[in-house]
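In this chain, residues are counted from 1 in sequence order.
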Amino acid sequence: MNRLQHRLAIHFWLWLALTLVVIVLFETELLPSGYLAYDKSMEFVLAFTMELITIAAIPFVLWMFRWKRVSEKLKKGGELSLYKLGLIREYLLIIPMFVNALLYYAFMNVAFGYMGIIIFLSLFFIYPSQARWQQEMNEHQKDNTAS
């Protein structure tokens with residue numbers, strides 16, 4: 001297993017575990033939930049912002065490696081470039097998922113929960129498995145040798 005691919009997978013699972021820990025802490029009432037439920041204007045602004053981020057981030061992340069500029073960076077940079085861009089791709093989904101989980105418990109608004117679940121499901125389309133790593137490396141090496 002490639003060391004860089006393994007590190008990407010560790011980042012992926014650590015953030016999922018951290019999100020799960022936060023959920024367990026709120027669900028077991030070790031952390032108070034609904035502490036911002038009274039502030040409806042802030043809830044509206046944050047819900048709108050997170051909806052925009054969620055709607056924009058998912059397609060962007062899924063198509064990120066197909067864009068010409070990113071593809072060129074992958075061709076030139078090799079595995080290190082794939083690692084860096086893969087990490088960016090992961091964090092573009094993981095951070096909003098984590099924030100949505102926190103906001104769900106802060107406001108007890110199911111919209112944040114639904115967005116977190118949607119992002120969680122989307123994460124598995126970019127999971128850094130060994131097969132995906134090899135496929136992406138082969139695609140960009142093949143393009144590099146053809147140029």
Side-chain angles (χ1 to χ4, degrees), residues 1-137 139-140 143:
M1 188 180 267
N2 187 313
R3 182 178 60 87
L4 294 174
Q5 178 268 328
H6 188 66
R7 289 172 83 186
L8 272 178
I10 288 172
H11 282 273
F12 182 90
W13 289 110
L14 281 177
W15 274 96
L16 284 181
L18 180 62
T19 304
L20 184 62
V21 166
V22 166
I23 291 169
V24 168
L25 289 174
F26 278 111
E27 288 294 330
T28 58
E29 298 180 3
L30 292 172
L31 293 176
S33 58
Y35 55 90
L36 292 176
Y38 65 89
D39 195 348
K40 294 298 180 185
S41 61
M42 184 167 45
E43 178 181 354
F44 174 77
V45 170
L46 288 172
F48 181 74
T49 303
M50 291 310 296
E51 286 168 3
L52 285 177
I53 290 171
T54 301
I55 290 169
I58 293 171
F60 176 78
V61 165
L62 293 176
W63 286 89
M64 185 174 153
F65 283 4
R66 294 182 183 181
W67 284 323
K68 187 177 180 180
R69 231 175 156 170
V70 173
S71 184
E72 287 173 2
K73 284 186 180 185
L74 289 170
K75 287 177 195 176
K76 292 177 185 173
E79 284 191 359
L80 187 59
S81 229
L82 182 59
Y83 171 73
K84 288 178 182 177
L85 290 168
L87 199 58
I88 290 169
R89 182 167 70 168
E90 277 184 24
Y91 282 133
L92 284 173
L93 287 182
I94 288 174
I95 299 299
M97 180 194 66
F98 183 75
V99 170
N100 275 317
L102 291 175
L103 291 173
Y104 169 74
Y105 287 104
F107 292 103
M108 292 309 294
N109 181 343
V110 295
F112 294 114
Y114 290 145
M115 287 185 283
I117 292 168
I118 291 167
I119 293 173
F120 171 74
L121 294 173
S122 300
L123 278 171
F124 291 96
F125 289 103
I126 64 158
Y127 176 71
S129 66
Q130 187 173 6
R132 176 169 283 124
W133 179 272
Q134 288 299 330
Q135 176 190 359
E136 288 172 349
M137 281 306 301
E139 281 178 14
H140 296 292
D143 289 345

Subject >> Steps toward ring-ring contact (aromatic ring centres under 6.0 Å, His included) verdict (F12, F124) >> reply: CA-CA 10 Å; F12 182 90; F124 291 96; 5.6 Å; yes

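Here the CH2-CG distance, from W13 to L20, works out to 11.0 Å after rounding to the nearest 0.5 Å. Here the CG atom belonging to N2 is positioned 10.5 Å from the CZ atom belonging to R7, to the nearest 0.5 angstrom. Distance check: L92 CG to M97 CE gives 13.0 Å after rounding to the nearest 0.5 Å. Atom CG of L25 and atom CG of L31 lie 5.0 Å apart (nearest 0.5 Å). Distance NZ/K68 to NZ/K75: 8.5 Å, rounded to 0.5 Å. In this structure, CG in N100 is found 11.5 Å from CD1 in I95, a value given to the nearest 0.5 Å.
Under the 4.5 Å side-chain criterion, counting only non-hydrogen atoms from C-beta, N109 is not in contact with L103. Contact of the F120 side chain with the T19 side chain is not registered, since no non-hydrogen atoms from C-beta on lie closer than 4.5 Å. For the pair P128/E90, a side-chain contact is recorded, criterion being any heavy-atom separation below 4.5 Å from C-beta on. In this structure, the side chains of F60 and R89 stay at 4.5 Å or more apart for every pair of heavy atoms. L46 has its side chain out of reach of V99: every pair of non-hydrogen atoms, C-beta onward, lies at least 4.5 Å apart. Considering only heavy atoms from C-beta on, L82 stays 4.5 Å or farther from L4 through its side chain. The closest side-chain heavy-atom distance from H11 to I94 is not below 4.5 Å. Counting heavy atoms from C-beta outward, S41 and D39 have side chains that approach closer than 4.5 Å.
In this structure a side-chain-to-backbone donor-acceptor pair under 3.5 Å is missing from S71 to W67.
Minimum heavy-atom separation, M50 to P96: CE-O, 3.7 Å. Annotation for F26 and P32: closest pair CE2-O, 3.1 Å, computed over non-hydrogen atoms. Annotation for M115 and T54: closest pair SD-OG1, 3.8 Å, computed over non-hydrogen atoms. The two residues L8 and G86 make their nearest non-hydrogen contact at CD2-C, 3.6 Å.
Within a 6.0 Å radius of CZ in F48, no more than 12 heavy atoms belonging to other residues, nucleotides or ligands are found. Within 6.0 Å of atom CZ in F125, 12 or fewer heavy atoms from other residues, nucleotides or ligands are found, so the atom counts as exposed in its surroundings.
Residues K40 and E43 are paired through a salt bridge, judged by an N-O separation under 4.0 Å between the basic side chain and the carboxylate.
In this structure, Y104 has its ring center no closer than 6.0 Å to that of F112.
A cation-pi arrangement is found for R66 relative to W63, the charged atom lying closer than 6.0 Å to the ring centre and inside a 45° cone about the ring normal.
Under 3.5 Å, the side chains of Y83 and Q5 contain no donor-acceptor pair of N or O atoms.
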